[in-house]
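In what follows, a structure is listed as structure tokens, so that the remarks can point back to it.
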Amino acid sequence: RVTEPFDRFAAEVPDRVFMADRKGGGDDWRKITYGQMHARMRSLGQFLLDQNLDADRPLVILSGNDIEHATFALAAMHVGVPYAPVSPAYALAGGDYGRLREVLGTITPGLFYASDADVFAPVVAAVAPGSTLITDSGAHGTLRLDDVLRTEPTSAVEDAGSAITGDTIAKFLFTSGSTGVPKAVINTHRMLCSNQVMVRESYRFMKEEPPVFLDWAPWNHTASGNKVFLMTFFNGGTYYVDDGRPTKADIGRTIRNLRDVSPTWFFNVPTGYDALVPHLQADPELAKSFFRDLKMLWYAGASMPQQIWDALGQLAAKTTGRSIVIGTGLGATETAPAALFCTWQQNMAGNVGLPIPGVTLKLVPMEGKYDARLKGDNITPGYWRQPEQSAAAFDEEGFYKLGDAPAPVDPQDFTKGFRFDGRT
């Protein structure tokens, strides 16, 4: 069960901050401890059980990253209720909400949560009339979150948790839909738990040092919604929700947050590092805070320009007198997402590494490249209610067909890792 580590840390370190955000504006962080969140998980879990939700009637979360979103995600997984975080952009697009209707038609929701009643209540009324929506304020005929959180938990919460198996569906995550209607990727408890152990065996410093994250990436995507979000409580860490964005126009909020938070592991996309580097170069105190506890920089989503890579390395050396590992990897929504990691020192960007512990990589020659296939406990069983697409995603030996073409960095020594060589 995904939330078993949360039970442990709520008992061992109940006063440790689990998550903080800046929801509501202002200069102060809203914080919630492991003990406080665990109590909320049990109360909300009881409420979700009372609604008779299941895989055919899951919970849908429509709004972005914050403590309330995290509460719903954790409560649902805690009692075995599948949930689906949906891109807020689908609800904010206006018009006839075509993409949102496609997504909801795939999973037929039984309950909705969204933060802002003024924004989301009209949307839910349009696309799923008659549905129950929980919001922070309870306006427009919605249920008020604080009232829901007063639900008294019973032994049914523990009974439901004990009934969870590795095959129980934890959540549905949607593909981008760039080649058609987004597919609902089944994420089981086995997938998520095994992948987190794989990640912990790759980032071993987290075994001795609870990680600290400052992260902006959306939880409706697997990179942050699975890897970073779960990595936090699997290792007893703290997650600061970054209200900034990886652009030159919006990096200012990230800079403000980095003056408060010294991360131990930091993720961004290359454009985000491009926006961040000038601020680190111009402000030695900011650089000192940023690099103080940092064990690794991580990038994904695109290739890292070499000049940005070099600048980060130079900043680390100048600020701390030591080098820092800049890593990346390869994976997919269907792999929970970690599959290949490069966690050792490199001089150049681009090495996506090797299969992480528990993952097998098969390379199939195809039109002058290698087609990547993957097997492991972190691989999805398929797409919800799409048996043909599910079958087509696997080869004759049961390997998931990633669709990426990894090329060996050294054709004579595959243990030196691979670089991304396009799609197959």
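Being a predicted model, the structure only gives us computed values, none of them experimental.
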Residues forming a ring pair (Phe, Tyr, Trp, His ring centres under 6.0 Å) with F205, sequence neighbours excluded: none
Students often mix this up, so state it plainly: with edges at 30° and 60°, are the rings of Y299 and W309 parallel, tilted or perpendicular? perpendicular
Quick one: salt bridge (charged side-chain N to carboxylate O under 4.0 Å, His left out) partners of D159, sequence neighbours excluded? none
Just by distance, do the side chain of T264 and the backbone of K295 share a donor-acceptor pair under 3.5 Å? no
Going by the rule ring pair (Phe, Tyr, Trp, His ring centres under 6.0 Å), which residues pair with H38 if we only count those two or more places apart in sequence or in a different chain? H78
Pairs flagged by ring-ring contact (aromatic ring centres under 6.0 Å, His included) wherever residues 92-133 is involved - sequence neighbours left out: F72-Y113
For residues 357-365, please give each side-chain donor-acceptor pair under 3.5 Å, one per line with the distance, not counting sequence neighbours.
from : atom 1 : to   : atom 2 : distance (Å)
K362 : NZ     : D395 : OD2    : 2.7
K362 : NZ     : E397 : OE1    : 2.6

Residue pairs meeting salt bridge (Lys or Arg N to Asp or Glu O under 4.0 Å), one or both in residues 407-417, sequence neighbours left out, come to D410-K416
Check for a donor-acceptor pair, side chain of T380 on one end and backbone N or O of I186 on the other, with a separation under 3.5 Å. yes
Would you please name every residue forming a ring pair (Phe, Tyr, Trp, His ring centres under 6.0 Å) with W219, sequence neighbours left out? H69, F229, Y239
Applying side chain to side chain donor-acceptor pair (under 3.5 Å), can you list everything that pairs with S289, at least two apart in sequence or on another chain? S262
May I have all residue pairs that pass ring-ring contact (aromatic ring centres under 6.0 Å, His included) and include part of residues 354-386, sequence neighbours excluded? F172-W384
Decide whether D377 and S194 meet the rule of one side-chain donor and one side-chain acceptor closer than 3.5 Å. no
Establish, yes or no, whether the cationic atom of K171 lies under 6.0 Å from the six-membered ring centre of Y83 and within 45° of the ring axis. no
Residues forming a salt bridge (charged side-chain N to carboxylate O under 4.0 Å, His left out) with D54, sequence neighbours excluded: none
Looking at V241 and L214, what are the two nearest heavy atoms and their distance? C-CD1, 4.5 Å
The criterion is salt bridge (charged side-chain N to carboxylate O under 4.0 Å, His left out); which residues satisfy it with R150, sequence neighbours excluded? D147
Using the ring pair (Phe, Tyr, Trp, His ring centres under 6.0 Å) criterion, which residues pair with W29? Sequence neighbours excluded. Y240
